[in-house]
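Ligands are counted one by one from 1 in listed order, and the atoms in each one are counted from 1 as well.
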Amino acid sequence: MAAGFEAIGNGELLAWLRDVAQLCMPDNVYLCDGSPEEYAYMCDQLVRQGTFTRLNETLRPDCFLARSHPSDVARVEDRTYICTGDQAEAGPTNNWAPAEEMKLKMACMFKDCMAGRTMYIIPFSMGPVGSPFSMIGVEVTDSPYVVVNMTIMTRVGTKVLEALGADGKFVPCLHSVGAPLAPGQEDVTWPCERDPANKYIVHFPEDPSIWSYGSGYGGNALLGKKCLALRIASAVARKEGWLAEHMLILALTSPEGKKHYVAGAFPSACGKTNLAMMQPTLPGWKVTCLGDDIAWMRIGADGRLYAMNPETGFFGVAPGTSYQSNPNAMDTFTRNSIFTNVALTDHGDVWWEEMGVPAPAHAIDWEGNDWSPDADRKAAHPNSRFTAPASQCPVIDPDWQNPAGVPISAFLFGGRRASTIPLVNEAFDWEHGVFMGSAAGSETTAANLSKTGVLRHDPFAMLPFCGYNMGDYFTHWLSMADRTDAAKLPRIFFVNWFRKGDDGHWLWPGYGENSRVLKWIFERVEGGGEAVETPIGYLPAPDALDLSGLDLPSEDLSALLAVDIEGWKGEAEGLGTYYDGFGDRLPGALRKQLAALKERLSRG
Ligand code: SAT
Ligand code: MN
């Protein structure tokens, strides 16, 4: 193996790397040190290869645009597997194959798959390097695009190898775009496996290890994120008694200077990034951001639940991001950022739909073609993304890298729901809150390569990310109440920013105006905030939401805070059928909660 490997003092890692190199047969091997020089060099190399276009140095210094292949634009949930010995361990919501069989299959897929390419070794830490709560992974990839994105999204390089030491544990994460080059064959700008049926995003939680083949995009390829920090970590967390969740973390500070931390689970592309760094419209209130996608949480010595963001960057959806919807994101990716599948303006800047600036008269669209506003297609792909360092966020919280995390006062659950689900609804207690999380559903978005706008159950926004049987996951959530004084656990709220009127108009303005809902939640946590008890939970009393300065038609407000009994009866029926799919892995407490909800609804 190549020089420079003296830094790898870990025997297990060396042995794995030798095996992998022999299997994949790359032309070169390169160990990433994580330095700024390396990052700059790799970006230049991506420009030379045509994968990256350097953006205008004045408008957007040290920023790059990448265009992926049109077959490779989102996560592929139908090609994502949890492989265990026994199918029951993966459960009914995951694709499964026997672990041993899948390993053989993967060995065949990966054979010689890096021919003509360089194999990059990326040691990375999810969570601060050296923290006892962090997890180390080593991603081996043939994609330099993955290297630079991982460098933004995680802590990468020599310092991680040092923390790993001679006998530390790491999660082996093997990735290939699945496009070996024959001698003399010219490369393309976005190599990947074009046939979706040949992509495999495979997790072996019992090892644990990850094998990802055929895609170079987002969560399919940046293996620290969904694969390690959610699917593998959720399985580890269950065994060790903590939580690995698809949640943003924010801090809310009142005009009096009191601070509460909130974590929120919403499906992909449902506004987590916007909420996590929102600019409140309510005077005097302040939001600071700790993370926009993943929270690892443990019960601390004081019995409260502490959350830490294991990532160091944002991989956010570009379309819809504007100075109106998310000014802090706009100010985060002004420099040192990567844009994928957005449009390129003639000034060398980026553009996307609903960016809040007029469409350019001419641009190059995400597929590399000329585009003008009269074209009947979008300039940016709906799942186009920015990759930006969290440290550049103007409202990053001072504690965002605190290895001990921050104590969570409230959980938010939500999704995209045009009807039935009210603006905000508080659980009666922990068990009822877990029930609410298990009942969450959302319309599908472009974050997954499949039909969008279809309503599906998405418990805790973890449907695509839970690395074990979802029934056991519910049990694990319920068990948190036995691990501490239940009164110290976060209060649980269900929110819905996406309600529409019968004529299709949005009932709630969302974005910074969501601070009005956060204020009520803050007050509830503090023991105030007026509420009414309803069959579905505690809703704000008629005047409890601070709507000062907001021009909200009263009929819209009534609709947002109404309990649609018939609609909820339908929800309950659908949930019963959904629960049936979990068989005896469904905790009895949730069946009891469902029966109690039905009973309350029947009383009206
Ligand atoms: O591509 S990612 O999985 O990282 C984004 C998402 O779906 O949330
Ligand atoms: Mn996500």
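Distances below 4.0 Å separate heavy atoms of A447 from the following atoms of ligand 1: 7 (O). Close approach to R385 involves these atoms of ligand 1, each under 4.0 Å from a residue heavy atom: 5 (C), 6 (C), 7 (O). Atoms of ligand 1 lying under 4.0 Å from any heavy atom of G218, numbered from 1 in the order shown and given with element: 1 (O). Residue-ligand proximity, F315 to ligand 1, at heavy-atom distances under 4.0 Å covers atoms 1 (O), 4 (O). Those atoms of ligand 1 that come under 4.0 Å of a heavy atom in K225, given as number and element, are 4 (O).
The N/O atoms of R75, backbone and side chain alike, include one that comes under 3.5 Å of an N/O atom in ligand 1. Not a single N or O atom of D293, backbone or side chain, sits closer than 3.5 Å to an N or O atom of ligand 1. Close N/O approach between H246 and ligand 1 is not found [any backbone or side-chain N/O within under 3.5 Å].
The ring of Y473 has its center closer than 6.0 angstrom to the ring center of F460. A distance below 6.0 Å separates the ring centres of F411 and W477. Between F333 and F314, the ring centre distance reaches or exceeds 6.0 Å. Aromatic ring centroids of W296 and F133 lie 6.0 Å or more apart.
What sits closest to atom 8 (O) of ligand 1 on the protein, heavy atoms only, is S268 OG, 2.8 Å. At the top of the distance list for atom 2 (S) of ligand 1, counting protein heavy atoms only, stands G219 N, 3.5 Å.
Legend: residues meeting salt bridge (charged side-chain N to carboxylate O under 4.0 Å, His left out) with K169, ordered by chain and number and at least two apart, are E12.
Using bins of under 30°, 30° to 60° and over 60° for the plane-to-plane angle, the ring pair Y217/W190 lands in the tilted bin. Ring orientation note: the planes of W497 and F266 are close to parallel, at an angle under 30° on the 30°/60° scale. In this structure, H457 and Y578 have parallel ring planes: the angle between them is below the 30° cut-off, well short of the 60° mark.
Excluding waters, the protein N/O/S atoms found under 2.8 Å from the Mn ion (ligand 2) are K226 NZ, H246 NE2, D293 OD1.
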Practice task
Show the numbers, then the answer: is there a side chain to side chain contact (heavy atoms under 4.5 Å, CB included) between M106 and K103?
Solution key: CA-CA 5 Å; M106 284 300 101; K103 277 187 185 163; 5.6 Å; no
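The two atoms that bring T141 and M114 nearest to each other are C-CE, 4.2 Å, heavy atoms only.
Residues H246 and S268 are in side-chain contact: their nearest non-hydrogen atoms beyond the backbone lie under 4.5 Å apart.
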